[in-house]
Amino acid sequence: MLRNGERALRIGIIADTHDNLPNIDKAVKKLNEEGVELVLHAGDYVAPFVIPRLKGLKAKLIGVFGNNDGDRELLKRRFSENERFDLRGKFAQAVFGELKIALVHGDEEELLKALIESGAFDVIVHGHTHAAEIYHKGKTVIVNPGEVCGYLSGKVTIAILDTADRNARIIEL
Ligand code: NI
(Lines give C-alpha, C1' and ligand atoms only; values in the text may rest on other atoms or scores of the structure.)
Protein backbone atom coordinates (compact mmCIF):
# COMPACT_ATOMS: atom_id res chain seq x y z
CA MET A 1 0.00 0.00 0.00
CA LEU A 2 1.33 3.41 -0.93
CA ARG A 3 1.54 6.13 1.67
CA ASN A 4 1.39 9.87 0.96
CA GLY A 5 4.04 11.13 -1.38
CA GLU A 6 5.08 7.70 -2.58
CA ARG A 7 5.09 6.52 -6.13
CA ALA A 8 5.49 2.88 -7.04
CA LEU A 9 9.11 1.96 -7.54
CA ARG A 10 10.75 -1.34 -8.34
CA ILE A 11 14.12 -1.80 -6.67
CA GLY A 12 16.74 -4.44 -7.42
CA ILE A 13 18.84 -5.66 -4.50
CA ILE A 14 22.20 -7.41 -4.83
CA ALA A 15 25.20 -8.16 -2.60
CA ASP A 16 28.46 -10.05 -2.43
CA THR A 17 29.38 -10.02 -6.09
CA HIS A 18 32.99 -10.93 -5.13
CA ASP A 19 34.62 -10.53 -8.55
CA ASN A 20 32.42 -13.09 -10.29
CA LEU A 21 32.10 -11.29 -13.63
CA PRO A 22 29.95 -13.86 -15.51
CA ASN A 23 27.45 -13.86 -12.62
CA ILE A 24 27.49 -10.06 -12.49
CA ASP A 25 26.54 -10.07 -16.20
CA LYS A 26 23.63 -12.43 -15.42
CA ALA A 27 22.47 -10.21 -12.57
CA VAL A 28 22.61 -7.06 -14.74
CA LYS A 29 20.60 -8.79 -17.47
CA LYS A 30 17.93 -9.94 -15.01
CA LEU A 31 17.71 -6.55 -13.26
CA ASN A 32 17.20 -4.87 -16.64
CA GLU A 33 14.54 -7.43 -17.60
CA GLU A 34 12.75 -6.78 -14.31
CA GLY A 35 12.68 -3.08 -15.15
CA VAL A 36 14.08 -1.88 -11.84
CA GLU A 37 14.69 1.86 -11.51
CA LEU A 38 17.18 1.59 -8.68
CA VAL A 39 19.67 -1.06 -7.60
CA LEU A 40 21.02 -1.31 -4.07
CA HIS A 41 24.34 -3.16 -3.65
CA ALA A 42 25.09 -4.19 -0.06
CA GLY A 43 28.83 -4.43 -0.59
CA ASP A 44 31.68 -6.87 -1.18
CA TYR A 45 32.37 -5.97 -4.79
CA VAL A 46 36.00 -6.82 -3.84
CA ALA A 47 38.12 -5.72 -6.86
CA PRO A 48 37.41 -2.27 -8.34
CA PHE A 49 37.20 -3.82 -11.86
CA VAL A 50 33.77 -5.14 -10.86
CA ILE A 51 32.26 -1.64 -11.01
CA PRO A 52 32.67 -0.93 -14.76
CA ARG A 53 31.14 -4.37 -15.32
CA LEU A 54 27.88 -2.99 -13.86
CA LYS A 55 27.68 -0.24 -16.48
CA GLY A 56 25.05 -2.14 -18.48
CA LEU A 57 22.56 -1.49 -15.70
CA LYS A 58 19.77 0.78 -16.86
CA ALA A 59 18.96 1.71 -13.26
CA LYS A 60 20.68 3.98 -10.79
CA LEU A 61 23.02 2.20 -8.39
CA ILE A 62 23.59 2.97 -4.72
CA GLY A 63 26.30 0.98 -2.94
CA VAL A 64 27.95 0.63 0.45
CA PHE A 65 31.29 -0.91 1.38
CA GLY A 66 31.62 -4.51 2.56
CA ASN A 67 34.33 -5.94 4.81
CA ASN A 68 36.19 -7.40 1.81
CA ASP A 69 36.30 -4.10 -0.07
CA GLY A 70 39.93 -3.21 0.49
CA ASP A 71 40.79 -0.60 -2.13
CA ARG A 72 38.16 1.92 -1.10
CA GLU A 73 39.69 4.90 -2.89
CA LEU A 74 39.75 3.11 -6.24
CA LEU A 75 36.25 1.71 -5.69
CA LYS A 76 35.01 5.26 -5.05
CA ARG A 77 36.72 6.47 -8.22
CA ARG A 78 35.21 3.67 -10.31
CA PHE A 79 31.75 4.55 -8.97
CA SER A 80 32.29 8.25 -9.66
CA GLU A 81 33.08 7.46 -13.32
CA ASN A 82 29.39 6.62 -13.81
CA GLU A 83 26.94 9.44 -13.21
CA ARG A 84 24.19 7.00 -12.19
CA PHE A 85 26.37 5.26 -9.59
CA ASP A 86 26.75 6.43 -6.01
CA LEU A 87 29.01 4.78 -3.39
CA ARG A 88 27.90 6.16 -0.07
CA GLY A 89 30.27 4.69 2.55
CA LYS A 90 29.44 2.05 5.14
CA PHE A 91 25.79 3.04 5.40
CA ALA A 92 23.21 4.50 3.04
CA GLN A 93 19.69 5.67 3.56
CA ALA A 94 17.26 5.94 0.66
CA VAL A 95 13.97 7.72 1.23
CA PHE A 96 11.03 7.64 -1.19
CA GLY A 97 8.11 9.64 0.17
CA GLU A 98 7.50 7.99 3.53
CA LEU A 99 9.35 4.79 2.66
CA LYS A 100 12.72 4.65 4.41
CA ILE A 101 15.30 2.10 3.33
CA ALA A 102 18.60 1.41 5.10
CA LEU A 103 21.52 -0.24 3.29
CA VAL A 104 24.45 -1.77 5.15
CA HIS A 105 26.79 -4.69 4.48
CA GLY A 106 25.92 -6.50 7.71
CA ASP A 107 29.32 -7.63 8.99
CA GLU A 108 28.96 -5.45 12.06
CA GLU A 109 26.37 -7.62 13.79
CA GLU A 110 25.64 -5.33 16.71
CA LEU A 111 25.00 -2.43 14.35
CA LEU A 112 22.72 -4.52 12.13
CA LYS A 113 20.77 -5.79 15.14
CA ALA A 114 20.33 -2.27 16.51
CA LEU A 115 19.15 -1.02 13.11
CA ILE A 116 16.60 -3.82 12.84
CA GLU A 117 15.36 -3.34 16.39
CA SER A 118 15.15 0.45 16.07
CA GLY A 119 12.00 0.26 13.97
CA ALA A 120 13.27 3.39 12.21
CA PHE A 121 13.22 1.86 8.73
CA ASP A 122 10.58 0.23 6.56
CA VAL A 123 13.19 -1.86 4.77
CA ILE A 124 16.70 -2.88 5.83
CA VAL A 125 18.94 -4.36 3.17
CA HIS A 126 22.10 -6.25 4.05
CA GLY A 127 24.30 -9.03 2.73
CA HIS A 128 27.51 -10.56 4.08
CA THR A 129 26.09 -13.96 5.13
CA HIS A 130 25.65 -14.98 1.45
CA ALA A 131 22.35 -16.57 2.52
CA ALA A 132 19.22 -15.22 0.84
CA GLU A 133 16.55 -14.37 3.36
CA ILE A 134 13.51 -12.10 3.70
CA TYR A 135 11.78 -11.65 7.05
CA HIS A 136 9.77 -9.17 9.07
CA LYS A 137 10.52 -7.62 12.43
CA GLY A 138 7.63 -5.40 13.48
CA LYS A 139 6.90 -3.10 10.55
CA THR A 140 10.39 -3.58 9.11
CA VAL A 141 11.16 -5.89 6.20
CA ILE A 142 14.71 -7.24 6.25
CA VAL A 143 16.07 -8.27 2.86
CA ASN A 144 19.28 -10.23 2.35
CA PRO A 145 19.49 -10.98 -1.39
CA GLY A 146 22.08 -13.73 -0.89
CA GLU A 147 25.14 -13.85 -3.13
CA VAL A 148 25.66 -12.97 -6.77
CA CYS A 149 29.04 -14.77 -6.68
CA GLY A 150 27.51 -18.15 -5.78
CA TYR A 151 30.70 -19.19 -3.93
CA LEU A 152 29.28 -20.22 -0.55
CA SER A 153 25.73 -21.34 -1.20
CA GLY A 154 26.14 -22.55 -4.78
CA LYS A 155 23.13 -20.37 -5.60
CA VAL A 156 23.21 -17.09 -7.50
CA THR A 157 20.46 -14.89 -6.13
CA ILE A 158 19.16 -11.33 -6.26
CA ALA A 159 16.09 -9.73 -4.70
CA ILE A 160 13.39 -7.43 -6.05
CA LEU A 161 11.41 -5.03 -3.89
CA ASP A 162 8.18 -3.47 -5.12
CA THR A 163 7.44 -0.38 -3.09
CA ALA A 164 3.77 -0.35 -4.16
CA ASP A 165 2.96 -3.29 -1.87
CA ARG A 166 6.33 -3.47 -0.03
CA ASN A 167 6.67 -6.98 -1.31
CA ALA A 168 10.18 -8.41 -1.61
CA ARG A 169 11.13 -11.63 -3.33
CA ILE A 170 14.27 -13.62 -4.02
CA ILE A 171 15.09 -14.64 -7.59
CA GLU A 172 17.57 -17.42 -8.33
CA LEU A 173 19.56 -16.93 -11.54
NI1 NI B 1 31.08 -9.62 3.72
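Small disclaimer: the values here were computed from a predicted structure and weren't measured. Just so you know, ligand 1 is whichever comes first in the structure, and atom 1 is the first atom listed for that ligand.
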Do Lys90 and Phe65 form a cation-pi contact, if we require the NZ or CZ to be under 6.0 Å from the six-membered ring centre and within 45 degrees of the ring's axis? no
In terms of side-chain heavy atoms, does Asn167 have a donor or acceptor partner in Asp162 at a distance below 3.5 Å? no
For residues 51-73, the salt bridge (Lys or Arg N to Asp or Glu O under 4.0 Å) pairs (sequence neighbours left out) are Asp25-Arg53, Glu73-Lys76
Under 4.0 Å between a Lys/Arg side-chain N and an Asp/Glu carboxylate O for Arg78 and Glu81? yes
Protein N, O or S atoms lying under 2.8 Å from the Ni ion (ligand 1), listed by chain and number: Asp44 OD2, Asn67 OD1, His105 NE2, His128 ND1
Counting only heavy atoms not in Glu83, do more than 12 sit closer than 6.0 Å to its CD atom? no
Mind telling me whether His130 and His18 have parallel, tilted or perpendicular rings, with 30° and 60° as the class edges? tilted
